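Since we're looking at a predicted model, the values are computed, not measured. Just so you know, residue 1 is the first one in the sequence shown, and it goes up from there.
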Amino acid sequence: MTTESPALAHALVAWSCGHLSSVDSSYHITALEARSKALLELSKAVSSPDETLRESNAAASLVLMTSEVCLGDHTKWLNHLGGIKHIILSARRRNISGGHLLHGPEALKQSPEGRWILRNFAYHDILGSVTLGHPPLINACYLKGITDEVDTYLGLASEVLILVSEISCLDVLRLANSYVLMNEADPPNTQKSFQVMERALRTWTCHKDGSLTLTALAYTYRGAGLLYLYRQTLRGMRLLPYSSTVDQHRDFHRLLHSRIQTEVASTLQFVTRVPLSGFPEAALLFPLFLIGGEAMDPLHIDLVRTRLQLMLEKRHFHNILRALEVLEDVWKRRQYHQETYDIDWQDAIDNNGGELLLT
């Protein structure tokens, strides 16, 4: 694609220069010049009426977005993500047989490059929704049917993204209410969104014949999805009126926290199966953060801290550093409050400037 798109070619150069500048400050001016050139070329391409540039424009925007994240900017990446959303939604293409006109994600699904862009965008959009605290910019239903390939970012875990996006779209009060009703002695016949999502994640299996490393990585994302579900439920329980006794309410919290700690220990087992070297380790930031955000055992905390420190030392990505700083804040608060107060990692993100992207 870069041979046909100056915008994408310059975006890749800008990404590389930016990464070099994070290791060697002598590249700082070069990186600024490269970024300026990339933005100029992207501006020209986006303004062009040529619709064949749509995929390469989306790809260039994705590269620039990840560059902003890795260099530590807290806000510009979100602007790029919004721009990519509009590129995707404005896509138009005839279906393969030359029949009716397809729109948005369905249009991009018609080519391998388009499917890669959709999975790439979904990865950032959905993981961004977790830390931003709102639904994804585009409903992730478009991922159905294009997750049967080994993905650049997630390997074999793309299907888990769909479940994570569904959790982001659930009302936390309804989620908490379904959890409480499910655990009452005589639960009423209601739609149990908590139970449905928990079962969907627990029964999900990595069905491909992939490497042991990619399989382990996939299950770290399933564990992170469960931890996110439990955290969202705890947030909803803060808002619930006390329809049951105080003791019952406390028991519901205790049961949920027990599930969380069990899942923390289980998911860390899969983390240890992902080697310290190699590409798959780069995708561990999201599950490590979700694990660290709930960890209570000092051994679990030390394992998360060590893996993040090693990732930072190797890759020099600033969002890894920021994620570690947020977790250190969580662990410090948890050490002071022990079990008398539920520490939410979202509060720590907000206190550290907000808009953390764990990609």
For [X], which residues count as a side-chain hydrogen bond (donor to acceptor under 3.5 Å, both in side chains) partner, sequence neighbours excluded?
X	answer
E281	none
N351	none
S47	none

From [atom1] ([X]) to [atom2] ([Y]), nearest 0.5 Å:
X	Y	atom1	atom2	result
L308	L285	CG	CG	6.5 Å
L42	S5	CG	OG	8.5 Å
L161	H124	CG	NE2	11.0 Å
I260	I291	CD1	CD1	13.0 Å
F286	I126	CZ	CD1	9.5 Å
E106	L101	CD	CG	12.0 Å

Spell out, as yes or no, whether a donor-acceptor pair under 3.5 Å connects the side chain of [X] to the backbone of [Y].
X	Y	value
S22	H19	yes
S43	L39	no
R273	L212	no
N352	A348	yes
S266	E263	no
S178	F194	yes
T233	L229	yes
D125	L81	no
T131	L356	yes
T66	V63	yes

Measuring only between side-chain heavy atoms, which start at C-beta, is [X] closer than 4.5 Å to [Y]?
X	Y	result
L268	H300	yes
S165	C141	no
I84	N120	no
E355	L357	no
L78	L132	yes
L327	L288	no
N177	L173	no
Y179	L255	yes

With E294 as reference, evaluate H257, Q261, R231 under the side-chain hydrogen bond (donor to acceptor under 3.5 Å, both in side chains) test and give the passing residue.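 Only one option passes, and that is R231.
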Is there a path of hydrophobic side-chain contacts, each under 4.5 Å between heavy atoms of I, L, V, M, F, W or Y residues, that connects [X] with [Y]?
X	Y	value
L201	M182	yes
V172	V180	yes
L143	I88	yes
M65	V46	no
I343	I301	yes

Between [Y] and [X], is there a salt bridge with N-O shorter than 4.0 Å?
X	Y	value
D329	K332	no
R238	D344	yes
E325	R322	no
E51	R92	no
R202	E198	yes
K37	E41	yes

Nearest heavy-atom pair of [X] and [Y]: which atoms, and what distance?
X	Y	value
I167	G225	CD1-O, 3.6 Å
A323	L358	CB-CD2, 3.9 Å
V130	Q346	O-OE1, 3.7 Å
L64	A11	CG-CB, 4.0 Å
P105	Y142	CB-CB, 3.6 Å
A9	T2	CB-O, 4.0 Å

Please walk me through it: do S90 and R54 pass side-chain contact (heavy atoms from CB on, under 4.5 Å)? CA-CA 9 Å; S90 64; R54 197 180 307 277; 2.8 Å; yes
Between S111 and E55, a side-chain donor and acceptor under 3.5 Å: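 Their side chains do contain a donor-acceptor pair, which is all the 3.5 Å distance test asks for.
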Honestly, is R235 close enough over W345, meaning NZ or CZ under 6.0 Å from the six-membered ring centre and within 45° of the axis?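 Yes, R235 sits over the ring of W345.
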NE2/H103: more than 12 non-hydrogen atoms of other groups inside 6.0 Å: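 Yes, enclosed.
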Parallel, tilted or perpendicular: which fits the ring planes of Y219 and W204, with parallel below 30° and perpendicular above 60°?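 Perpendicular: the ring planes of Y219 and W204 meet at over 60°.
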With L214 as reference, evaluate L154, L156, V274 under the side chain to side chain contact (heavy atoms under 4.5 Å, CB included) test and give the passing residue.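 Going through L154, L156, V274 one by one, the side chain to side chain contact (heavy atoms under 4.5 Å, CB included) with L214 is satisfied by L156 alone.
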